[in-house]
Amino acid sequence: MKLTKGLLAASAVLALTAGAAQAKTLVYCSEGSPEGFDPAPYTAGTTFDASSRPIYNRLVQFKKGSSETEPALAESYDVSEDGLEYTFHLRQGVKFHTTDEFTPTRDFNADDVLFSFERQWKEDHPWHAYSTGITWEYFNSMSMSDLLANIEKVDDYTVKFTLTRPEAPFIANLAMDFASIMSAEYAAQLEEAGSMDMLNQQPVGTGPFQFVAYQQDAVIRYASFDDYWGGVQPIDDLVFAITTDAAVRAQKLQAGECHVMPYPNPADLEMLQSDSNLTVMEQEGLNVGYLAYNTQMEPFDNAEVRKALNMAIDKQAIIDAVFEGNAAIAKNPIPPTMWSYNDAIEDDPYDPEAARQMLADAGVENLSMKVWAMPVSRPYNPDARRMAELIQADFAEVGVTVEIVSMEWAEYLEQSSNVDRDGAVLLGWTGDNGDPDNFLAVLLGCDAVGNANRAQWCNEDFEALIQEAKTITDQDERAALYEEAQVVFKEQAPWATIAHSKVFMPMSTDVTGYVMDPKGTHAFDGVDIAE
Amino acid sequence: MFRFLFHRLLLIVPTFIGITIIAFAFVRVLPGDPVLLIAGEHGVTPERYQRLMEQFGYNRPIWEQYWDYLVGIVQGDFGTSISTKRPVIRDFLTLFPATVELAFFATLFAVVIGIPAGVLAAVRRGSWFDQLTMGTALVGYSMPIFWLGLLLIIFFSGILGWTPVSGRIDLLYFFPAVTGFMTIDALLSGQNGAFTSAIRHLILPTVTLGTIPLAVIARQTRSAMLEVLGEDYVRTARAKGLPPGKVVGVHALRNALIPVVTTIGLQVGVMMAGAILTETIYSWPGIGKWMIDAISRRDYPVVQAGLLLIALVVMVVNLIVDVAYGFINPRIRHR
């Protein structure tokens, strides 16, 4: 009797599912809760997937599946000869979402652009501190406040940005999530109503999907935006079912409770790949995992010593053991999916014999050193402890004794940046804006010593190349400079480059049109479900 | 009775202050601070670090921060989350019903099965039923929640397809949260099948969270019953020729229940800990999952307020248990 009841209930649910099939709903089992729906104060990809990607647009955007940019809310832009003035010609007829609380009376225009940037930039702007404890992390970490000299509305559909110095990656910055365009009109309405917090909870944008509801830590609902300037979406509804545990996400996908899931457990991959109802897309991520020597400390101030140690590391063994084969050996500091990747460079061969000889030639004997292992799992390094142990064994082969140290994550990040830090640090990076500058200058530039430059490495030749590349707007010319910079990097070996991990996206075979993004964001515009 | 209650309520005050100190100190003893964690691999310049610390107020003397925190609590202000920028109390109130709902069903499950199983095991001491129940209880008690949860999902949702994998209700159903209790909201919504769906989603989390308390309650009931059954008055009752059902059900059980009720009260605290894991596995949007996120982000205001509020809940439950003694056992009332 009980079973019959259960079956009846199940068939009732099935009937409902069938009834709802006319409205096409895509369910995405997302990995966590968004911190809010205004992307600018946050840095987490999970937040961007739920806010900036479905709800908003930017002046320029990344081409689908690429780290290159293309015009979006700006139809085109001109750059002045000196590289200091960027004039954006805005797209006309772009509509903002209409919600229960807000009905736009005008289309997108220059005022929205000014509002979106000035609130982050100007400390006296009424929206600069609209919520308790709000900070503009990405705007600041991309040095936008030093970079911007002026933003000017030329007319309703023309905006001119003036910079304090030529900075080619500026365009890529504008494609980032923090540069999402908000409605100034909506903001004015909220300000008047005294409910400024709502900007972060009831978002209004110009994007392909409009926000419907968020049940905290459980479900986010969006509806396709009929007046989207980029065309109507093939699906009607988009639902994020927040599922923090990766094994449970996999179960949900297999049970048909969702269509797409991010970040599968490496251990579940085989099971997912063998399921005939699923396809597993894969791509090399825009990341790098590395071991950074302290190049200001003996004997690691000697490039020969660093190269010798690099040659002692069996990278393939690391890829097999730590990444379960789901990664590529890294030879450059930037990943192969990024433009300007120098494929002509040859990696240091794995050769313990030669390494031992080189160390002897450099006068290094009985070296003992520390290797720092991160306490957390990151895409570029799922198990730093294990990686450190493998390196420990490899270094022992060439007569170097390794002590593995680890500490709590925030502490690790702080201590590892110190210029007088003892030992080599395991860390990595996932690209923010797809620009090589975002790896090479942020992680290896002279300005970043004592901060994100964990190798504490400041090399004149390298610095000259990356600084010059910043001032040129022509991408081919820039690429040539970055390729050369990678040659300098390889000769000087401030890091042992270890791996670029692969990213997997398991999804139902019914899903069509999904494009993986090398930057690791998840967007569902243009995605359809076969019936 | 009132004096007893008043005395108990008075005791809550020092306990509460003690907990504020522990909650406040706990997050600060953890290494690492929120500003560094927000910056992540990007790092942060010393100037900006200083500014952010000032903005959050973490550069001031520790006693000043504690005082502000205490004053805030008295005024009902639990601070604002560093990560979501929302008032902590609002998040707590949004998420708390989900945890209460889950804990309620888990307790119900544990009590409804645990007490009869314990009684029966005691009455048939040494029988196969006794051995089976107590053996199962031991296994249930030793089972890691996380593992049990996944196992249940794989078996009942994956292989058999009887229950949904996770969540609180099927995504088809969409109605406003009136009470925050999904089962009640589903009934209120009037949508066909919503209540059934909510119940179906509750089954596995309830079993997962309820298993340990169930095992503890069954064992406690059994040993308390055995003790009482050996008492003189039970023998007297039997000798008087009362039917065995009445001896066990009325005379023995009522007295055996006192330690069992204590155990149930204590299990609420245990359940709060279990909820953290259970909620994480089943994507259950409650305060357990919320706390875990907050701890990993060093979201001081959330951890402080969360610990305090959870402690408050446990205290209130234990107070209720104390009062419940009075009804079960009149002797306690007069102390």
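Lettering of chains follows the sequences in order, A, B, ..., and the numbering in each one begins at 1. Just so we're clear, the structure is a prediction, and the values are computed from it rather than from any experiment.
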About how many Å separate [atom2] of [Y] and [atom1] of [X], when rounded to the nearest 0.5 Å?
X: S33(A); Y: K289(B); atom1: OG; atom2: NZ; result: 4.5 Å
X: S81(B); Y: E35(A); atom1: OG; atom2: CD; result: 8.5 Å
X: E257(A); Y: L171(B); atom1: CD; atom2: CG; result: 8.0 Å
X: T84(B); Y: N200(A); atom1: OG1; atom2: CG; result: 8.5 Å
X: D237(A); Y: F174(B); atom1: CG; atom2: CZ; result: 10.0 Å

| task | Could you walk me through whether S283(B) and I242(A) pass side-chain contact (heavy atoms from CB on, under 4.5 Å), step by step? | result | CA-CA 7 Å; S283(B) 318; I242(A) 299 166; 6.0 Å; no
Tell me, for [X] versus chain B, whether the close heavy atoms (under 4.5 Å) come from the side chain, the backbone, both or neither.
X: Y380(A); result: side chain
X: V376(A); result: neither
X: Q254(A); result: neither
X: A255(A); result: side chain
X: N140(A); result: side chain

| Any side-chain heavy-atom pair from S166(B) and K252(A) closer than 4.5 angstrom? | yes
| said: Quick one, K85(B) with Y42(A), criterion side-chain contact (heavy atoms from CB on, under 4.5 Å). Give me CA distance, side-chain angles, the key distance, then yes/no. | reply: CA-CA 10 Å; K85(B) 327 284 184 207; Y42(A) 304 111; 3.5 Å; yes
| Of the listed residues (E279(B), R168(B), R90(B)), which shares the most heavy-atom pairs with chain A below a 4.5 Å separation? | R90(B)
Measure distances from [X] to the heavy atoms of chain A and classify the residue's part below 4.5 Å as side chain, backbone, both or neither.
X: S83(B); value: both
X: T280(B); value: both
X: P164(B); value: both
X: I281(B); value: both
X: F146(B); value: side chain
X: L95(B); value: side chain

| said: My understanding is that only residues two or more places apart in sequence, or in another chain, count here; which of them pass salt bridge (Lys or Arg N to Asp or Glu O under 4.0 Å) with D185(B)? | reply: none
| field | Crowding at CZ, F104(B) (>12 non-hydrogen neighbours, <6.0 Å) | value | no
| task | Name the member of V27(A), L427(A), I134(A), V239(A) that forms the most heavy-atom pairs with chain B at distances under 4.5 Å. | result | I134(A)
| message | Are there residues of residues 244-251 of chain A whose heavy atoms fall under 4.5 Å of chain B's heavy atoms? If so, which? | response | T244(A), D245(A), A247(A), V248(A), Q251(A)
